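All remarks here apply to the structure that follows.
Remember, it's a predicted structure, so these values are computed and weren't measured experimentally. A, B, ... follow the sequence lines: proteins, then strands. Residue 1 opens every chain.
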Number of protein chains: 2
Amino acid sequence: MPKLRQLVNRSDYPPACSQCALRKSDAFSPVSDAQLRYIEAMRSDRIGYSAGSHIKPENQRATALYTLYSGWAFRFKTLSDGRRQILNFLLPGDLIGLQEQFSDGPSHGVDAITEVTLCVFPLTKLWDLFRDHSGLAYSVTWLAAREESNVDENLLSAGRRNASERIAALLLHLHRRATHLGLADLADNGSIAFPLTQSHIADALGLSLIHTNRSLRKLHLAGLHHIEGGRLTILNPKALERLSEYYDQPTRQVPLI
Amino acid sequence: MPKLRQLVNRSDYPPACSQCALRKSDAFSPVSDAQLRYIEAMRSDRIGYSAGSHIKPENQRATALYTLYSGWAFRFKTLSDGRRQILNFLLPGDLIGLQEQFSDGPSHGVDAITEVTLCVFPLTKLWDLFRDHSGLAYSVTWLAAREESNVDENLLSAGRRNASERIAALLLHLHRRATHLGLADLADNGSIAFPLTQSHIADALGLSLIHTNRSLRKLHLAGLHHIEGGRLTILNPKALERLSEYYDQPTRQVPLI
DNA sequence: TATCCACTATAACTTTTGATGTAGGAGACG
DNA sequence: CGTCTCCTACATCAAAAGTTATAGTGGATA
């Protein structure tokens, strides 16, 4: 089911870590030369998946750690009758597969939304990383804690926000993250590429597809946002923030493994 | 608002780490003597809070890391009109305050359900721990990843399970954790002390208090569980598991800081 | 060009969940 | 001992969200 693609010579093929395009963005904390060499040596592979393919099945333990280099993906859980809950969305720089190393069993699946490319790190070397580079170990923990914060926020949405508030919070959250990564088009009102379908949004927010469509349209009609041609524009950020009580916090630089 | 209590000479006052009652339980992974001495030296205090008091306000950064030594607590977020979402419940051995070190701002509050006692570790020493004891650093990350798994499961409940399924999953989850800690009374059908009010359950599952009461009663009438006198008995684990699709996984030993 | 398919849109109707109100029981406390 | 407060129980009504059904749209594909 997961499809590999031929990647070498494509522009989104992850280069040597010293040439990493992500690392050039000031979204990420600088690393020392020694750390960079360690990461490069630890990386065992670079792979790609086509849009919609399964990066990790829900019922199978991860065999590696991945850093998402390009594209969008998501973590999810399902129930036997097909109900699916998206736990959080993964954007470039996010670390994938850490939970599996520590949890009692396989816990969630990971699917690609767009085409994605990944840097691969063998799980067996995680312990070495902790032993050899405490700074990088600290970074791993940082990334884990940050992801938990995202899930916390999603749980607040699913549990206690109504449909419109959930959508407002999600749009702001994703827009903020993409913008922080330098993915916003400043010449187009700060719009971002937005590959999610309404089905993704529904499954992330614990809503039915129909109700998601209804609520999304309501926000659109109120002039709060605009989605067209796979791009999202936030038209009235203040109103969206008031509605969802999801407020922008100045985002610090984040570690990148 | 948070109330300190005089603790010394009480039986639930955390003793020297070498005498730690938790550590004697086989729920926790053994540590080396060196690690134990390091933890003991890192611990700066031991404090207690009375039932219902605020361990950490929602709008204030944590100043320390805590390990819950005795009692039950929970992490939560609220919206301005008072809607509250409980993110997860904290039982003895759980680490508190790690997210704050890495998040961009204060993110959640922590309240005590019962009387609790805590071991205090200065946040400033977290970095030292990573540098000096990679094994303990690995444990910290382990605890963070395990907590995220719990939040993942709660998000699946809030987003995609109906009221009865949510309650079934929560009861099984808490019963399993308490049992793993050796808190079950084997002479009483494996019952556990259960200090949650229906209001806690409602806020953890994203339900109203009334609907929680309705659904809880339905499960009780069906003979699946029994709550009385502050104790929970699981009467029909199989039925609860089928209903919630929440299955027991053999729980490994967990690190304890 | 025609067909298919995934996605979005919308209406009509049902179910679940929430809101409001009221009451009873148990423990805390003066 | 009475009073208070917190928690649980339960009925009634209202609102939010889910279900079913149908159709349009645009890109991919044969």
Under 4.0 Å between any heavy atoms, over every strand shown, what does A/Gly230 touch: base, sugar-phosphate, or nothing? Just pick one.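 Nothing, no heavy atom under 4.0 Å.
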Does B/Gly206 reach a base, just sugar-phosphate, or nothing at all? Heavy atoms under 4.0 Å.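 The answer is sugar-phosphate, as B/Gly206 gets under 4.0 Å only of primed atoms, P, OP1 or OP2.
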Please determine whether a side-chain nitrogen of the Lys or Arg among [X] and [Y] lies less than 4.0 Å from a carboxylate oxygen of the Asp or Glu.
X: A/Arg75; Y: B/Glu148; answer: yes
X: B/Asp203; Y: A/Arg160; answer: yes
X: A/Glu241; Y: A/Arg176; answer: no
X: A/Asp94; Y: A/Arg146; answer: yes
X: A/Glu245; Y: B/Lys77; answer: no
X: A/Glu165; Y: B/Arg83; answer: yes

Between [atom2] of [N] and [atom1] of [X], the distance in whole Å:
X: A/Leu221; N: C/dT8; atom1: CG; atom2: P; result: 16 Å
X: A/Ile210; N: D/dA21; atom1: CD1; atom2: P; result: 12 Å
X: A/Leu205; N: D/dA16; atom1: CG; atom2: P; result: 17 Å
X: A/Asn162; N: D/dA15; atom1: CG; atom2: C1'; result: 11 Å
X: A/Glu228; N: D/dT25; atom1: CD; atom2: P; result: 14 Å
X: A/Ile113; N: C/dA6; atom1: CD1; atom2: P; result: 17 Å
X: A/His200; N: C/dC7; atom1: NE2; atom2: C1'; result: 11 Å
X: A/Arg161; N: D/dA15; atom1: CZ; atom2: P; result: 24 Å

Let me know, please, whether A/Arg160 or A/Leu209 comes out on the 5' side of the other along DNA chain C by nearest nucleotide.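 Counting from the 5' end, the first nearest nucleotide belongs to A/Leu209.
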Report the residue (A/Leu196 or A/Gly159) whose heavy-atom-nearest nucleotide on DNA chain C is the more 5′ of the two.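 Residue closer to the 5' terminus by nearest nucleotide: A/Leu196.
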Net bend of the helix from C/dT1-D/dA30 to C/dG30-D/dC1, end axes of five pairs each, nearest 10 degrees: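 The angle, to the nearest 10 degrees, is 40°.
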With the side chain of [X] defined as its heavy atoms from C-beta on, choose the nearest nucleotide among [options].
X: A/Arg217; options: C/dT10, D/dT19, D/dT8; answer: C/dT10
X: B/Leu207; options: C/dG18, C/dT10, C/dT20; answer: C/dG18
X: B/Gln198; options: C/dG21, D/dA9, C/dA11; answer: D/dA9
X: A/Thr197; options: C/dG18, C/dT8, C/dT20; answer: C/dT8
X: B/Ala163; options: D/dT19, D/dT8, C/dT17; answer: C/dT17

Distance only, no hydrogens: is a donor on one side chain within 3.5 Å (strictly under) of an acceptor on the other, for A/His220 and A/Arg217?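 Checked: A/His220/A/Arg217 side chains show no N/O donor-acceptor pair below 3.5 Å.
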Is there a side-chain contact between B/Pro15 and B/Tyr69 in this structure, where contact means two heavy atoms from C-beta onward sitting under 4.5 Å apart?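 Contact flag for B/Pro15/B/Tyr69 side chains = yes.
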Please check if the distance between the ring centroids of B/His200 and B/Phe74 is under 6.0 Å.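 Yes; B/Phe74 has its ring centre under 6.0 Å from that of B/His200.
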Dump every N/O contact between nucleotides 26-30 of chain D and the protein below 3.5 Å, one line per pair.
none

OP1 or OP2 of D/dA9 versus the side-chain N and O atoms of B/Asn213: is any pair under 4.0 Å?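 For D/dA9, OP1/OP2 do have a side-chain N/O of B/Asn213 under 4.0 Å.
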List the atom of B/Thr212, the atom of B/Ala202, and the distance in Å for their closest heavy-atom pair.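 Nearest heavy atoms, B/Thr212 then B/Ala202: OG1-CB, 3.2 Å.
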Between B/Leu216 and A/Ser208, who's closer to the 5' end of DNA chain D by nearest nucleotide?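 With B/Leu216 and A/Ser208 compared, the 5'-side residue is B/Leu216.
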